[in-house]
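Since the structure comes first, as structure tokens, the remarks are kept for the end.
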Amino acid sequence: MKSPNTRATNTRTITTSSPACCFRNSAPRATRWASSSNSNSAPTGGGRPTPWPPPAWPASVSFSPATLPPGPPDQPANHPYEEHERRKASVLRTHTCGELRPDQIGAEVFLCGWVDRVRDHKGVIFIDLRDRWGRTQVVVGPDAAAETLAAARAARAEWVLRVQGTVGARPEGTTNPKLATGGIEVVCRTITVLNEAETPVFQPGSTDLPGEEVRLTNRWLDLRRPAMQENMFLRSRIVKIMRDHFDELGFIDVETPMLGRSTPEGARDYLVPSRLEHGSFFALPQSPQLYKQLLMMAGFDRYVQVAKCFRDEDLRADRQPEFTQLDVEMSFVEADDVIGVIEGLVRRTAREILGLDVPLPLPRLTWDECMERFGHDAPDLRFGLEIVDLTDLAGESDFRVFRGAVESAGRVRGIRVPAVAERFSRKDLDTLTAVAVEAGAKGLVWLKCESGGVWAGPVAKNLTSIADTLRARLGCEPGDLALIVADSFEVTCKALHTLRKRLGAELALYDPKAMHFSWVVDFPMFARDTESGGWASMHHPFTAPRPADLELLESDPAACRAVAYDLVINGSEAGGGTIRIHDSATQEKVFKLLGISTEMARERFGFLLDALRSGAPPHGGIALGIDRWVMLFGGLESIRDVIAFPKTQKASDLMTGAPGPVETKQLVELGIRVLAPPKPVGRASEGD
RNA sequence: GGGGGUGUAGCUCAGUUGGUUAGAGCGCCAGCCUGUCACGUUGGAGGCCGCGGGUUCGAGUCCCGUCACCCUCGCCA
């Protein structure tokens with residue numbers, strides 16, 4: 001546990017570092033490769049025209065393999081471009097649309113790409129050719145071959161062209177500083193139309209974004225948008241950093257099955273029927289949890305996998321039914337070992353992606369501290385508004401609501417919102433009250449601290465006896481607002497957390513580019529199951545209790561803490577892990593507590609119990625939510641923006657129409673009869 | 001399952017108190033234009049106002065139902 005001072009220092013250090021975010025700059029592609037390419041792929045021999053590709057093929061406007069002019073040889077002698085750039089070249093192109101610069105003026109080039117825009121000035125035609133690397137202006141002048149001119153005139157948005165030409169300097173005054181390639185243009189000799197395009201539903205280059213439904217239905221078009229390409233590239237970079245990090249630390253990547261067995265705990269499973277055994281079903285993994293533990297028992301020591309996981313639960317802005325975890329497990333470790341390895345990854349990712357220097361170790365808060373100070377187990381630590389406990393004062397007051405909460409073993413807690421008393425109207429405060437009620441509170445007490453430290457508000461007169469101590473406890477000064485909730489501990493947590501989160505965003509109490517990383521540790525082992533009234537695992541049933549809490553397992557399960565740790569980034573759970581139980585006796589005890597009978601435990605987890613009895617090393621691990629990492633590091637608000645082909649809130653794919661009906665024959669083969677008749681019309685073909 | 005929002009031209013949106021022929025920008029089609037880069041300019045085409053029902057002399061507008069998408073609560077070990 002860290003002192004508040006340490007935490008605050010960390011926050012400041014991180015947030016005041018340069019937020020330079022190279023993938024979000026206005027000229028991102030220019031900088032992307034800067035680290036891996038030392039020079040700007042200058043032609044050998046100074047500015048001399050290069051000896052290849054062979055000059056002058058007849059212009060052609062239609063594509064067929066037979067008529068396609070030959071491109072540059074695969075491994076030309078005298079290759080003028082460095083190794084790295086050459087890999088992006090191909091038989092069809094010498095360069096991408098993002099890499100030509102004034103020092104290549106005079107070079108003969110082939111570019112391939114999509115028509116972003118055509119500006120036809122009759123005498124001279126400009127075509128912006130776009131690919132994932134950037135945009136290059138292609139010029140077709142009045143002296144171009146007739147076929148080339150015709151092709152340029154015919155070209156429309158999103159056609160795919162191959163252009164042959166010479167890199168030319170732009171006439172004075174016509175350079176475009178907004179474009180990485182804006183210093184040059186390609187003077188076009190021939191155009192090959194590789195594919196025409198029907199008028200697109202929307203323009204990938206347009207500034208106004210179509211609605212999500214249109215984007216998802218035409219996802220291939222949406223993915224052509226530079227912003228989406230940036231997101232996919234960011235994701236790729238983050239995953240590569242992860243893979244490199246664990247590879248360098250000696251981790252082994254092992255794949256685990258997608259077709260597994262349904263387990264009683266946890267989320268709803270996605271099921272796959274068995275053809276060979278009617279009535280039996282596979283379940284898609286909610287996570288590779290058991291497999292990775294068994295890999296430890298098999299002696300693999302340090303395991304890592306980029307694992308697809310499936311949970312059939314309702315969706316949110318940051319939740320998809322299929323998502324990706326970086327799954328990690330280690331043997332002969334304690335929590336600090338796992339935490340250390342992940343902190344190294346956090347530091348590395350922040351540096352390589354954002355250019356931020358994250359001081360280690362990261363701050364750690366216990367679960368209890370989190371709930372007391374922030375009301376939530378994944379608090380946003382980019383801003384203050386900490387919760388203050390007022391229960392003892394409230395018990396001394398004459399206010400019935402406060403006394404009532406105290407007498408029924410509840411709590412009275414509040415937050416101080418600095419310097420908003422004048423700004424917040426009665427209507428604003430009604431809205432905040434509604435927010436608190438929505439979160440389960442019976443009401444919200446608001447008090448404005450006026451000049452001289454006098455409280456104002458509907459119930460201020462009930463609190464005169466404790467007015468001064470209340471003000472001192474909250475630290476309120478004139479102009480501040482106090483929001484107080486009296487209820488059970490859980491309800492005060494939820495209501496005040498919701499208010500805190502909302503006010504933090506509304507009042508812009510933090511820099512939206514700031515990043516704050518922290519650990520939350522010492523979670524309770526169990527929580528009361530609201531439905532059955534029994535105990536449920538807070539994390540999962542394989543979590544080890546703290547060694548000191550072992551006896552509590554039987555005497556006082558509620559007080560028993562787990563060796564669990566969550567990585568929290570900006571108020572979002574970015575990863576979670578535990579040290580696992582590695583002996584069958586403890587495991588069986590926990591199963592029993594969770595209401596899993598010995599028979600059911602044998603039936604469902606027999607293999608685990610057997611393995612735990614046959615040489616299981618102490619082990620533990622963590623899983624990081626890759627989709628969330630990409631969202632957080634990219635400053636994105638929707639998980640659908642970091643997944644190439646995401647699902648809607650009803651878990652359907654608007655592009656393919658999945659899920660869809662199947663042939664009766666298929667159902668018969670699987671021994672399945674459907675209760676409700678399937679929808680008559682497939683979604684993908686609807687409206688056409 | 002509950003609460004909220006949205007749905008009008010290919011796209012983004014406006015549409016008054018219920019009123020006669022539903023608009024704009026972009027895109028599309030055609031013409032003009034040799035330095036643009038969100039090119040400019042002239043003209044044109046394009047509408048099941050999500051769908052179904054109701055109220056009304058009259059509905060894009062009001063009411064009921066329904067569908068889709070989004071946000072959210074429950075749910076997500």
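Just the heavy atoms: all of them, side chains too, but no hydrogens, waters or symmetry mates, feed the values below.
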Pick the [atom1] atom in [N] and in [M], then give their distance to the nearest Å.
{"N": "B:U56", "M": "B:G47", "atom1": "C1'", "answer": "24 Å"}
{"N": "B:G19", "M": "B:A45", "atom1": "C1'", "answer": "28 Å"}
{"N": "B:U61", "M": "B:G25", "atom1": "C1'", "answer": "23 Å"}
{"N": "B:A68", "M": "B:U8", "atom1": "C1'", "answer": "16 Å"}
{"N": "B:C26", "M": "B:A38", "atom1": "P", "answer": "14 Å"}
{"N": "B:U66", "M": "B:C73", "atom1": "P", "answer": "24 Å"}
{"N": "B:G1", "M": "B:C63", "atom1": "C1'", "answer": "25 Å"}
{"N": "B:G43", "M": "B:G7", "atom1": "C1'", "answer": "32 Å"}

Would you mind classifying the nucleic acid contact of [X] as base, sugar-phosphate or nothing, using non-hydrogen atoms under 4.0 angstrom?
{"X": "A:Gly173", "value": "nothing"}
{"X": "A:Arg156", "value": "sugar-phosphate"}
{"X": "A:Pro142", "value": "base"}
{"X": "A:Thr543", "value": "nothing"}
{"X": "A:Leu209", "value": "sugar-phosphate"}
{"X": "A:Thr175", "value": "base"}

Point to revise | A:Phe542-A:His540 aromatic ring centre distance below 6.0 Å | key: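 So the answer is yes for these two rings.
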Side-chain N or O of [X] versus OP1/OP2 of [N]: is the shortest distance under 4.0 Å?
{"X": "A:Thr217", "N": "B:A68", "result": "no"}
{"X": "A:Lys122", "N": "B:C32", "result": "yes"}
{"X": "A:Lys650", "N": "B:A68", "result": "yes"}
{"X": "A:Lys501", "N": "B:U72", "result": "no"}

Does the structure show a Watson-Crick or G-U wobble partner for [N], both distances under 3.5 Å? Name it, or say none.
{"N": "B:G43", "value": "B:C29"}
{"N": "B:U56", "value": "none"}
{"N": "B:A9", "value": "none"}
{"N": "B:G35", "value": "none"}

Point to revise | Pairwise 5' ranking along RNA chain B for A:Val139 and A:Ser537, keeping only the more 5' one | key: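 Residue closer to the 5' terminus by nearest nucleotide: A:Val139.
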Review point. Mapping A:Val124 and A:Ser206 to their closest nucleotides on RNA chain B, which lands nearer the 5' end?
Key: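 On the 5' side of the pair lies A:Ser206.
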Practice item. Verify the neighbour count for atom NZ of A:Lys501: are there more than 12 heavy atoms of other residues, nucleotides or ligands below 6.0 Å? Key: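 No - once you tally the heavy atoms of other residues, nucleotides and ligands closer than 6.0 Å, there are 12 at most.
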Study note, to complete from the structure: Heavy-atom contacts, protein to nucleotides 40-47 of chain B, under 4.0 Å, summarised as B (base), S (sugar-phosphate only) or - (none) per nt, yield --------
Classify the side chain of [X] versus the base of [N] as yes if they form a donor-acceptor pair under 3.5 Å and no if they do not.
{"X": "A:Asn176", "N": "B:C37", "result": "yes"}
{"X": "A:Arg640", "N": "B:C70", "result": "no"}
{"X": "A:Glu438", "N": "B:U72", "result": "no"}
{"X": "A:Arg170", "N": "B:U36", "result": "yes"}
{"X": "A:Arg215", "N": "B:C69", "result": "no"}
{"X": "A:Arg311", "N": "B:C76", "result": "no"}
{"X": "A:Glu185", "N": "B:G35", "result": "yes"}

Specify the separation, in whole Å, of atom [atom1] of [X] and atom [atom2] of [N].
{"X": "A:Phe202", "N": "B:C28", "atom1": "CZ", "atom2": "C1'", "answer": "17 Å"}
{"X": "A:Gln203", "N": "B:C39", "atom1": "CD", "atom2": "C1'", "answer": "16 Å"}
{"X": "A:His121", "N": "B:U34", "atom1": "NE2", "atom2": "C1'", "answer": "9 Å"}
{"X": "A:Arg117", "N": "B:G27", "atom1": "CZ", "atom2": "P", "answer": "7 Å"}
{"X": "A:Leu129", "N": "B:C37", "atom1": "CG", "atom2": "P", "answer": "19 Å"}
{"X": "A:Gln649", "N": "B:G2", "atom1": "CD", "atom2": "P", "answer": "14 Å"}
{"X": "A:Leu221", "N": "B:G10", "atom1": "CG", "atom2": "C1'", "answer": "12 Å"}
{"X": "A:Asp116", "N": "B:G27", "atom1": "CG", "atom2": "P", "answer": "12 Å"}

**Study point:** Plane angle bin for A:Tyr270 and A:Phe310 - parallel if under 30°, tilted between 30 and 60°, otherwise perpendicular
**Key:**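 Answer is perpendicular, since the angle exceeds 60°.
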Return yes if a side-chain donor-acceptor contact under 3.5 Å exists between [X] and [Y], otherwise no.
{"X": "A:Ser638", "Y": "A:Asp641", "result": "no"}
{"X": "A:Ser287", "Y": "A:Gln325", "result": "no"}
{"X": "A:Thr263", "Y": "A:Arg261", "result": "no"}

Review point. If you check every side-chain atom of A:Thr174, which of B:C73, B:C37, B:C39 has the closest atom?
Key: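 Nearest nucleotide to the side chain: B:C37.
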**Study point:** Nearest-neighbour nucleotide for the A:Arg119 side chain, B:G35, B:C75, B:U36 considered
**Key:**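 Ranking B:G35, B:C75, B:U36 by closest atom to the A:Arg119 side chain puts B:U36 first.
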Review point. With sequence neighbours left out, what residues match A:Asp430 under side chain to side chain contact (heavy atoms under 4.5 Å, CB included)?
Key: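 Testing A:Asp430 for side chain to side chain contact (heavy atoms under 4.5 Å, CB included), a comparison that skips the adjacent residues, returns A:Arg426.
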Check your understanding: Are A:Trp629 and A:Leu567 side-chain neighbours, meaning at least one heavy-atom pair lies under 4.5 Å?
Key ->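 A:Trp629 reaches A:Leu567 side chain to side chain.
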Review point. Any side-chain heavy-atom pair from A:Trp133 and A:His95 closer than 4.5 angstrom?
Key: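 Answer no - side chains too far apart.
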Review point. Got a sec, which residues hit salt bridge (charged side-chain N to carboxylate O under 4.0 Å, His left out) with A:Asp327, two or more places apart in sequence or on another chain?
Key: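 A:Asp327: salt bridge (charged side-chain N to carboxylate O under 4.0 Å, His left out) contacts with A:Lys292.
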